[in-house]
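I have placed the structure first, in the form of C-alpha coordinates, so that the comments after it can refer back to it.
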Amino acid sequence: TLTAGASTINIGTNLTVTTFNANTSSVIFDTVVVSSIGAYSFNNLTIDKGAGSLTSTGAWSASNLTLNSGTLTSGAAKTITTSLTLNGGTWNAGAFVHQIAGSWNSTAITFNNDLGTIRLTTVGPTITTSGAGQPFNNLTIDNAATLASPVNVNGILLVSGGNLDIVAQTLTVATLNHQAAGAAIVGTTGTLAVTNATLGRPVTFSGLGNITITGGAVSLAGPGPATLTSAGGTISLGSTIDNAQGFIANAGGGTVNISAVLGGLTPLTSASFTGGTINLGANVTTANGAIGITGAVVLTATTTISSGAGG
(Lines give C-alpha, C1' and ligand atoms only; values in the text may rest on other atoms or scores of the structure.)
Protein backbone atom coordinates (compact mmCIF):
# COMPACT_ATOMS: atom_id res chain seq x y z
CA THR A 1 0.00 0.00 0.00
CA LEU A 2 1.22 3.46 -0.92
CA THR A 3 -0.40 6.35 0.95
CA ALA A 4 0.61 9.52 -0.85
CA GLY A 5 -0.64 12.21 1.51
CA ALA A 6 0.04 15.70 0.13
CA SER A 7 3.31 14.78 -1.56
CA THR A 8 4.51 15.03 -5.16
CA ILE A 9 5.60 11.66 -6.51
CA ASN A 10 7.71 11.36 -9.65
CA ILE A 11 7.56 7.96 -11.34
CA GLY A 12 10.00 6.89 -14.02
CA THR A 13 8.69 3.41 -14.86
CA ASN A 14 5.56 1.42 -13.91
CA LEU A 15 3.14 1.96 -11.05
CA THR A 16 2.38 -1.52 -9.70
CA VAL A 17 1.45 -1.16 -6.03
CA THR A 18 -1.49 -3.19 -4.75
CA THR A 19 -3.24 -0.21 -3.16
CA PHE A 20 -2.70 3.50 -3.84
CA ASN A 21 -4.26 6.14 -1.57
CA ALA A 22 -4.02 9.41 -3.45
CA ASN A 23 -5.20 11.87 -0.79
CA THR A 24 -4.21 15.35 -2.09
CA SER A 25 -1.05 14.22 -3.86
CA SER A 26 0.36 14.89 -7.31
CA VAL A 27 1.79 12.03 -9.39
CA ILE A 28 4.06 12.82 -12.34
CA PHE A 29 5.20 10.27 -14.94
CA ASP A 30 8.30 12.06 -16.24
CA THR A 31 10.80 9.85 -18.06
CA VAL A 32 11.05 8.54 -21.62
CA VAL A 33 10.92 4.95 -20.32
CA VAL A 34 8.01 2.90 -21.70
CA SER A 35 5.68 2.58 -18.70
CA SER A 36 2.32 1.21 -17.64
CA ILE A 37 -0.30 2.10 -15.08
CA GLY A 38 -3.00 -0.04 -13.50
CA ALA A 39 -6.44 0.68 -12.03
CA TYR A 40 -5.91 3.47 -9.49
CA SER A 41 -7.59 6.67 -8.35
CA PHE A 42 -5.41 9.80 -8.47
CA ASN A 43 -5.79 13.34 -7.26
CA ASN A 44 -3.50 15.23 -9.68
CA LEU A 45 -1.91 13.17 -12.45
CA THR A 46 0.59 14.61 -14.94
CA ILE A 47 2.09 12.79 -17.92
CA ASP A 48 5.28 14.44 -19.14
CA LYS A 49 7.22 11.66 -20.81
CA GLY A 50 8.87 13.41 -23.73
CA ALA A 51 9.35 10.78 -26.43
CA GLY A 52 8.23 8.03 -24.04
CA SER A 53 4.85 6.38 -23.54
CA LEU A 54 2.41 5.36 -20.82
CA THR A 55 -0.17 2.60 -21.30
CA SER A 56 -3.08 2.10 -18.95
CA THR A 57 -3.82 -1.55 -18.19
CA GLY A 58 -6.88 -0.90 -16.04
CA ALA A 59 -9.67 1.63 -15.58
CA TRP A 60 -8.43 4.57 -13.55
CA SER A 61 -9.69 7.95 -12.44
CA ALA A 62 -8.16 11.30 -11.58
CA SER A 63 -9.43 14.58 -10.26
CA ASN A 64 -7.14 16.49 -12.62
CA LEU A 65 -5.25 15.01 -15.57
CA THR A 66 -2.57 16.94 -17.48
CA LEU A 67 -0.90 15.58 -20.61
CA ASN A 68 2.23 17.62 -21.40
CA SER A 69 4.22 15.23 -23.60
CA GLY A 70 4.56 11.59 -24.56
CA THR A 71 2.01 9.05 -25.77
CA LEU A 72 -0.88 8.01 -23.53
CA THR A 73 -2.54 4.79 -24.69
CA SER A 74 -5.80 3.75 -23.05
CA GLY A 75 -6.31 0.07 -22.37
CA ALA A 76 -9.44 0.81 -20.32
CA ALA A 77 -11.88 3.59 -19.54
CA LYS A 78 -10.83 6.78 -17.77
CA THR A 79 -12.83 9.09 -15.51
CA ILE A 80 -11.71 12.68 -14.97
CA THR A 81 -13.76 14.34 -12.24
CA THR A 82 -12.54 17.97 -12.28
CA SER A 83 -10.42 18.97 -15.30
CA LEU A 84 -8.51 17.66 -18.31
CA THR A 85 -5.58 19.73 -19.63
CA LEU A 86 -4.06 18.65 -22.94
CA ASN A 87 -0.88 20.66 -23.52
CA GLY A 88 1.01 18.29 -25.83
CA GLY A 89 1.69 14.70 -26.80
CA THR A 90 -0.61 12.00 -28.14
CA TRP A 91 -3.67 10.32 -26.69
CA ASN A 92 -4.70 6.99 -28.20
CA ALA A 93 -8.13 6.74 -26.59
CA GLY A 94 -9.08 3.22 -27.71
CA ALA A 95 -12.55 1.65 -27.79
CA PHE A 96 -13.66 2.88 -24.36
CA VAL A 97 -16.07 5.39 -22.82
CA HIS A 98 -14.02 8.14 -21.17
CA GLN A 99 -15.94 10.39 -18.78
CA ILE A 100 -14.52 13.91 -18.73
CA ALA A 101 -15.47 16.78 -16.41
CA GLY A 102 -14.85 20.37 -17.47
CA SER A 103 -14.14 21.77 -20.91
CA TRP A 104 -12.43 19.98 -23.78
CA ASN A 105 -9.54 21.43 -25.78
CA SER A 106 -7.50 18.98 -27.85
CA THR A 107 -5.89 21.42 -30.30
CA ALA A 108 -2.40 21.02 -28.81
CA ILE A 109 -2.26 17.21 -29.04
CA THR A 110 -2.71 14.35 -31.46
CA PHE A 111 -6.03 12.77 -30.46
CA ASN A 112 -6.88 9.33 -31.85
CA ASN A 113 -10.44 8.29 -30.99
CA ASP A 114 -11.22 5.81 -33.77
CA LEU A 115 -13.51 3.48 -31.77
CA GLY A 116 -14.35 5.04 -28.42
CA THR A 117 -16.62 7.63 -26.81
CA ILE A 118 -15.88 10.90 -25.06
CA ARG A 119 -18.62 11.72 -22.56
CA LEU A 120 -18.64 15.29 -21.22
CA THR A 121 -20.23 15.04 -17.80
CA THR A 122 -20.42 18.55 -16.33
CA VAL A 123 -22.75 21.45 -17.10
CA GLY A 124 -21.90 23.66 -20.05
CA PRO A 125 -18.35 22.75 -21.10
CA THR A 126 -16.66 24.46 -24.02
CA ILE A 127 -15.51 22.16 -26.84
CA THR A 128 -12.45 23.08 -28.91
CA THR A 129 -10.85 20.79 -31.50
CA SER A 130 -8.86 21.00 -34.72
CA GLY A 131 -12.00 20.17 -36.71
CA ALA A 132 -12.05 17.53 -39.44
CA GLY A 133 -8.43 16.58 -38.83
CA GLN A 134 -9.17 15.65 -35.22
CA PRO A 135 -12.64 14.09 -35.06
CA PHE A 136 -14.42 12.41 -32.22
CA ASN A 137 -15.68 8.90 -32.84
CA ASN A 138 -18.66 9.11 -30.49
CA LEU A 139 -19.42 12.19 -28.38
CA THR A 140 -21.96 12.34 -25.56
CA ILE A 141 -23.03 15.64 -24.01
CA ASP A 142 -24.71 15.17 -20.65
CA ASN A 143 -25.87 18.72 -19.93
CA ALA A 144 -25.29 21.50 -22.48
CA ALA A 145 -22.09 22.57 -24.22
CA THR A 146 -20.74 25.37 -26.42
CA LEU A 147 -18.58 24.96 -29.51
CA ALA A 148 -15.49 27.18 -29.70
CA SER A 149 -14.24 25.64 -32.96
CA PRO A 150 -15.47 23.41 -35.79
CA VAL A 151 -16.26 19.94 -34.45
CA ASN A 152 -16.55 16.64 -36.33
CA VAL A 153 -18.17 13.48 -34.97
CA ASN A 154 -17.55 10.45 -37.18
CA GLY A 155 -19.84 8.20 -35.15
CA ILE A 156 -22.75 9.09 -32.86
CA LEU A 157 -23.41 12.45 -31.24
CA LEU A 158 -25.78 12.01 -28.29
CA VAL A 159 -27.27 15.17 -26.80
CA SER A 160 -28.61 14.00 -23.43
CA GLY A 161 -29.75 17.36 -22.03
CA GLY A 162 -29.44 21.12 -22.15
CA ASN A 163 -28.55 23.33 -25.11
CA LEU A 164 -25.73 22.34 -27.43
CA ASP A 165 -24.77 25.79 -28.76
CA ILE A 166 -23.05 25.72 -32.14
CA VAL A 167 -22.79 29.55 -32.07
CA ALA A 168 -21.19 30.43 -35.44
CA GLN A 169 -19.19 27.20 -35.79
CA THR A 170 -19.69 24.13 -37.99
CA LEU A 171 -20.78 20.85 -36.43
CA THR A 172 -20.49 17.83 -38.75
CA VAL A 173 -22.07 14.60 -37.54
CA ALA A 174 -22.42 11.14 -39.08
CA THR A 175 -25.27 10.06 -36.76
CA LEU A 176 -27.20 12.45 -34.51
CA ASN A 177 -29.20 11.10 -31.55
CA HIS A 178 -31.31 14.10 -30.55
CA GLN A 179 -34.42 12.94 -28.72
CA ALA A 180 -33.76 13.40 -24.98
CA ALA A 181 -36.23 15.50 -23.00
CA GLY A 182 -34.93 19.00 -22.36
CA ALA A 183 -32.25 18.84 -25.06
CA ALA A 184 -31.90 21.37 -27.88
CA ILE A 185 -29.36 22.31 -30.52
CA VAL A 186 -29.05 26.07 -31.00
CA GLY A 187 -26.81 28.55 -32.79
CA THR A 188 -26.66 31.85 -34.62
CA THR A 189 -24.91 31.79 -37.99
CA GLY A 190 -23.28 28.37 -37.75
CA THR A 191 -23.88 25.16 -39.68
CA LEU A 192 -25.17 21.78 -38.59
CA ALA A 193 -24.37 19.06 -41.14
CA VAL A 194 -25.84 15.62 -40.44
CA THR A 195 -26.06 12.38 -42.42
CA ASN A 196 -28.26 10.11 -40.24
CA ALA A 197 -30.38 11.03 -37.24
CA THR A 198 -32.96 10.13 -34.68
CA LEU A 199 -34.66 13.48 -34.35
CA GLY A 200 -37.24 14.46 -31.76
CA ARG A 201 -36.01 17.76 -30.31
CA PRO A 202 -35.58 21.21 -31.83
CA VAL A 203 -32.69 22.62 -33.82
CA THR A 204 -32.85 26.43 -33.82
CA PHE A 205 -30.57 29.05 -35.37
CA SER A 206 -31.43 32.60 -34.33
CA GLY A 207 -29.44 34.02 -37.26
CA LEU A 208 -28.56 32.94 -40.79
CA GLY A 209 -27.58 29.45 -39.70
CA ASN A 210 -27.66 26.47 -42.05
CA ILE A 211 -29.02 22.99 -41.40
CA THR A 212 -28.00 20.27 -43.84
CA ILE A 213 -29.28 16.71 -43.49
CA THR A 214 -28.15 14.72 -46.49
CA GLY A 215 -27.03 11.33 -47.72
CA GLY A 216 -28.66 9.13 -45.08
CA ALA A 217 -31.88 8.47 -43.18
CA VAL A 218 -33.74 10.27 -40.38
CA SER A 219 -36.17 8.61 -37.99
CA LEU A 220 -38.50 11.03 -36.21
CA ALA A 221 -39.09 10.45 -32.51
CA GLY A 222 -41.76 11.67 -30.09
CA PRO A 223 -43.27 13.71 -28.73
CA GLY A 224 -42.89 15.81 -31.88
CA PRO A 225 -43.12 17.67 -34.01
CA ALA A 226 -39.43 17.65 -34.91
CA THR A 227 -38.63 21.28 -35.69
CA LEU A 228 -35.75 22.76 -37.69
CA THR A 229 -35.59 26.57 -37.61
CA SER A 230 -33.28 29.15 -39.16
CA ALA A 231 -33.84 32.92 -39.24
CA GLY A 232 -33.03 33.27 -42.90
CA GLY A 233 -30.46 30.60 -43.63
CA THR A 234 -30.79 27.40 -45.65
CA ILE A 235 -32.37 24.12 -44.55
CA SER A 236 -31.47 21.26 -46.89
CA LEU A 237 -33.29 17.94 -46.57
CA GLY A 238 -31.35 15.36 -48.56
CA SER A 239 -31.83 12.37 -46.23
CA THR A 240 -35.05 10.39 -46.17
CA ILE A 241 -37.27 11.27 -43.21
CA ASP A 242 -39.79 8.80 -41.80
CA ASN A 243 -41.99 7.86 -38.85
CA ALA A 244 -45.41 8.82 -37.53
CA GLN A 245 -44.46 12.23 -36.15
CA GLY A 246 -44.89 15.80 -37.28
CA PHE A 247 -42.07 17.63 -39.04
CA ILE A 248 -41.44 21.37 -39.42
CA ALA A 249 -38.72 23.10 -41.45
CA ASN A 250 -38.86 26.90 -41.09
CA ALA A 251 -36.11 28.91 -42.78
CA GLY A 252 -37.78 32.29 -42.29
CA GLY A 253 -37.00 34.27 -45.41
CA GLY A 254 -34.29 31.79 -46.40
CA THR A 255 -34.40 28.62 -48.45
CA VAL A 256 -35.72 25.11 -47.86
CA ASN A 257 -34.35 22.45 -50.21
CA ILE A 258 -36.19 19.10 -50.35
CA SER A 259 -34.31 16.51 -52.39
CA ALA A 260 -35.08 13.24 -50.54
CA VAL A 261 -38.39 11.49 -49.95
CA LEU A 262 -40.18 12.49 -46.76
CA GLY A 263 -42.64 9.96 -45.32
CA GLY A 264 -41.94 7.39 -48.02
CA LEU A 265 -41.52 4.35 -45.74
CA THR A 266 -43.70 5.50 -42.84
CA PRO A 267 -45.89 8.54 -43.53
CA LEU A 268 -45.45 11.58 -41.34
CA THR A 269 -48.38 12.79 -39.24
CA SER A 270 -47.96 16.34 -40.60
CA ALA A 271 -45.40 18.45 -42.44
CA SER A 272 -44.79 22.18 -42.70
CA PHE A 273 -42.23 24.08 -44.79
CA THR A 274 -41.60 27.84 -44.63
CA GLY A 275 -39.07 29.89 -46.56
CA GLY A 276 -38.57 32.66 -49.04
CA THR A 277 -38.00 29.85 -51.54
CA ILE A 278 -39.00 26.19 -51.29
CA ASN A 279 -37.06 24.05 -53.76
CA LEU A 280 -39.25 20.97 -54.01
CA GLY A 281 -37.65 17.96 -55.65
CA ALA A 282 -38.95 14.87 -53.80
CA ASN A 283 -42.23 13.38 -52.61
CA VAL A 284 -43.80 14.33 -49.28
CA THR A 285 -46.37 12.01 -47.68
CA THR A 286 -48.43 12.24 -44.49
CA ALA A 287 -51.05 9.88 -43.07
CA ASN A 288 -54.17 12.06 -43.27
CA GLY A 289 -52.16 14.98 -41.89
CA ALA A 290 -51.81 18.55 -43.05
CA ILE A 291 -49.01 19.60 -45.38
CA GLY A 292 -48.30 23.32 -45.22
CA ILE A 293 -46.03 25.20 -47.62
CA THR A 294 -45.40 28.92 -47.15
CA GLY A 295 -43.17 30.63 -49.68
CA ALA A 296 -42.40 30.57 -53.37
CA VAL A 297 -42.22 26.98 -54.62
CA VAL A 298 -39.73 25.95 -57.29
CA LEU A 299 -40.19 22.42 -58.61
CA THR A 300 -36.78 20.84 -59.18
CA ALA A 301 -38.14 17.37 -60.06
CA THR A 302 -41.42 15.57 -60.63
CA THR A 303 -42.99 15.56 -57.19
CA THR A 304 -46.04 14.13 -55.42
CA ILE A 305 -47.50 15.79 -52.33
CA SER A 306 -49.91 13.42 -50.58
CA SER A 307 -51.78 13.75 -47.30
CA GLY A 308 -53.44 10.35 -47.60
CA ALA A 309 -57.11 9.51 -47.53
CA GLY A 310 -59.15 12.27 -45.97
CA GLY A 311 -56.16 14.66 -45.65
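Hydrogens, waters and symmetry mates are skipped; everything else that's a heavy atom, side chains included, is used. Just so it is clear, the structure is predicted and the values come from calculations on it, not from any experiment.
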Point to revise | Expected output: side-chain N250 to main-chain T229 donor-acceptor under 3.5 Å | key: no
Practice item. Spell out, as yes or no, whether a donor-acceptor pair under 3.5 Å connects the side chain of T188 to the backbone of V167. Key: yes
Exercise for review: Report whether I166 and L208 are members of the same hydrophobic cluster (ILVMFWY, side-chain heavy atoms less than 4.5 Å apart, transitive linking).
Suggested key: no
Exercise for review: Tell me, with the steps shown, if L157 and L171 meet side-chain contact (heavy atoms from CB on, under 4.5 Å).
Suggested key: CA-CA 10 Å; L157 171 62; L171 175 60; 3.8 Å; yes
Point to revise | K78/S61 under side-chain hydrogen bond (donor to acceptor under 3.5 Å, both in side chains): CA gap, chis, key distance, verdict | key: CA-CA 6 Å; K78 292 172 177 54; S61 65; over 6 Å; no
Practice item. With sequence neighbours left out, write down each residue that passes side-chain hydrogen bond (donor to acceptor under 3.5 Å, both in side chains) with T57, or none if nothing qualifies. Key: none
Check your understanding: Considering residues at least two apart in sequence or located in another chain, which fulfil the side-chain hydrogen bond (donor to acceptor under 3.5 Å, both in side chains) criterion with N105?
Key -> T107
Check your understanding: Is a side-chain donor or acceptor of T212 paired with a backbone partner of S236 at a separation under 3.5 angstrom?
Key -> no
Check your understanding: Considering all heavy atoms of both residues, which atom of S259 and which atom of A282 are nearest to each other, and what is their separation?
Key -> C-CB, 3.6 Å
Study note, to complete from the structure: Applying ring-ring contact (aromatic ring centres under 6.0 Å, His included) to F20 and not counting sequence neighbours gives F42
Revision key, fill the gap. CG of L280 to CG of L299, rounded to nearest 0.5 Å, is 5.5 Å
Check your understanding: Would you say L72 and I28 are hydrophobically clustered, going by side-chain heavy atoms of ILVMFWY under 4.5 Å?
Key -> no
Without placing hydrogens or testing angles, list every side-chain donor-acceptor pair under 3.5 Å for residues 172-185, not counting sequence neighbours.
unit_1	atom_1	unit_2	atom_2	d
N177	OD1	Q179	NE2	3.0
H178	NE2	R201	O	3.3
H178	NE2	P202	O	3.0

Review point. Are any side-chain N or O atoms of Q99 and backbone N or O atoms of L120, one a donor and one an acceptor, separated by less than 3.5 Å?
Key: no
Point to revise | Considering all heavy atoms, the nearest P135-N154 contact | key: CG-ND2, 3.3 Å
Review point. Which is it for T1 and N21 under the side-chain contact (heavy atoms from CB on, under 4.5 Å) test, yes or no, and what are the steps along the way?
Key: CA-CA 8 Å; T1 298; N21 298 318; 3.6 Å; yes
Check your understanding: For N137, does its backbone N or O pair with a side-chain atom of N113 as donor and acceptor, under 3.5 Å?
Key -> yes
Practice item. Would you tell me whether N43 and T24 have side-chain atoms, one donor and one acceptor, within less than 3.5 Å of each other? Key: no
Review point. Between the side chain of S35 and the main-chain N/O of V33, is any donor-acceptor distance below 3.5 Å?
Key: yes
Revision key, fill the gap. Scanning both residues in full, the closest heavy-atom pair of N64 with S83 reads OD1-OG, 2.7 Å
**Study point:** Pairwise ring pair (Phe, Tyr, Trp, His ring centres under 6.0 Å) hits with a residue in residues 65-96, at least two apart
**Key:** W91-H98, W91-F111
Return a table of donor-acceptor pairs under 3.5 angstrom between the side chains of residues 264-277 and protein atoms on other chains or two or more places apart.
unit_1	atom_1	unit_2	atom_2	d
T269	OG1	Q245	O	3.2
T269	OG1	G246	N	2.9

Practice item. Report yes if some heavy atom in the side chain of N92 is under 4.5 Å from a heavy atom in the side chain of S74; otherwise report no. Key: no
**Study point:** L139 CG to I127 CD1 distance, which is reported to the nearest 0.5 Å
**Key:** 5.0 Å
Exercise for review: Applying side-chain contact (heavy atoms from CB on, under 4.5 Å), run through T79 and T81 and close with a yes or a no.
Suggested key: CA-CA 6 Å; T79 300; T81 58; 4.1 Å; yes
Study note, to complete from the structure: Rounded to the nearest 0.5 angstrom, the CG-CG distance for L86 and L65 is 7.0 Å
Review point. Between CD1 of I293 and CD1 of I278, what distance do you get to the nearest 0.5 Å?
Key: 7.0 Å
Review point. Do any N or O atoms from the side chain of T31 and from the backbone of G12 form a donor-acceptor pair under 3.5 angstrom?
Key: yes
Point to revise | Results of side-chain hydrogen bond (donor to acceptor under 3.5 Å, both in side chains) for D114 - residues two or more places apart only | key: none
Review point. Under a 4.5 Å cut-off applied to non-hydrogen side-chain atoms, are S106 and Q134 in contact?
Key: yes
Review point. Okay, side chain of S307, backbone of I291: is any donor-acceptor separation there less than 3.5 Å?
Key: no
**Study point:** For F29, the option from D48, T46, N10, I37 that meets side-chain contact (heavy atoms from CB on, under 4.5 Å)
**Key:** I37
Review point. With hydrophobic residues grouped by side-chain heavy-atom distances under 4.5 Å, do I248 and V186 end up in a single group?
Key: no
Point to revise | D165: side-chain hydrogen bond (donor to acceptor under 3.5 Å, both in side chains) partners, not counting sequence neighbours | key: none
Study note, to complete from the structure: Tightest non-hydrogen contact, residues A144 and P125, listed as O-CD, 3.1 Å
Practice item. Test side-chain contact (heavy atoms from CB on, under 4.5 Å) on N210 and L192 and set out the steps. Key: CA-CA 6 Å; N210 300 310; L192 173 65; over 6 Å; no
Review point. Where do S239 and G215 come nearest, in terms of heavy atoms and distance?
Key: OG-N, 3.3 Å
Review point. Ring pair (Phe, Tyr, Trp, His ring centres under 6.0 Å): which pairs involve residues 185-221, sequence neighbours left out?
Key: none
Study note, to complete from the structure: By salt bridge (charged side-chain N to carboxylate O under 4.0 Å, His left out), R119 pairs with (sequence neighbours left out) D142
Cut-off 3.5 Å, no hydrogens considered: what does the side-chain donor-acceptor table look like for residues 145-152, sequence neighbours left out?
unit_1	atom_1	unit_2	atom_2	d
S149	OG	T129	N	2.8
S149	OG	T129	O	3.1
N152	OD1	A132	N	3.3

Solution key, residues 217-228 side-chain donor-acceptor pairs under 3.5 Å, sequence neighbours excluded:
unit_1	atom_1	unit_2	atom_2	d
S219	OG	N243	ND2	3.2
T227	OG1	P225	O	3.3

Review point. Between the side chains of T255 and T234, does any donor sit under 3.5 Å from an acceptor?
Key: no
Review point. So, the side chain of S69 versus the backbone of K49: is there a donor-acceptor pair under 3.5 Å, distance only?
Key: yes
Practice item. For residues V27 and I11, determine if any side-chain heavy atom of one lies less than 4.5 Å from a side-chain heavy atom of the other. Key: yes
Review point. If you measure from OG1 on T240 to CG on L262, what distance do you get to the nearest 0.5 Å?
Key: 8.5 Å
Check your understanding: Under 4.5 Å between side-chain heavy atoms, hopping through other hydrophobics if needed: is there a path connecting I9 to V17?
Key -> yes
Point to revise | Donor-acceptor contact below 3.5 Å, side chain N138 vs main chain I156 | key: yes
Check your understanding: So, for A76 and A59, which heavy atoms are closest and what is the spacing to 0.1 Å?
Key -> CB-N, 3.3 Å
Exercise for review: Rounded to the nearest 0.5 Å, what's the gap from CG on L67 to CG on L84? Could you check?
Suggested key: 8.0 Å
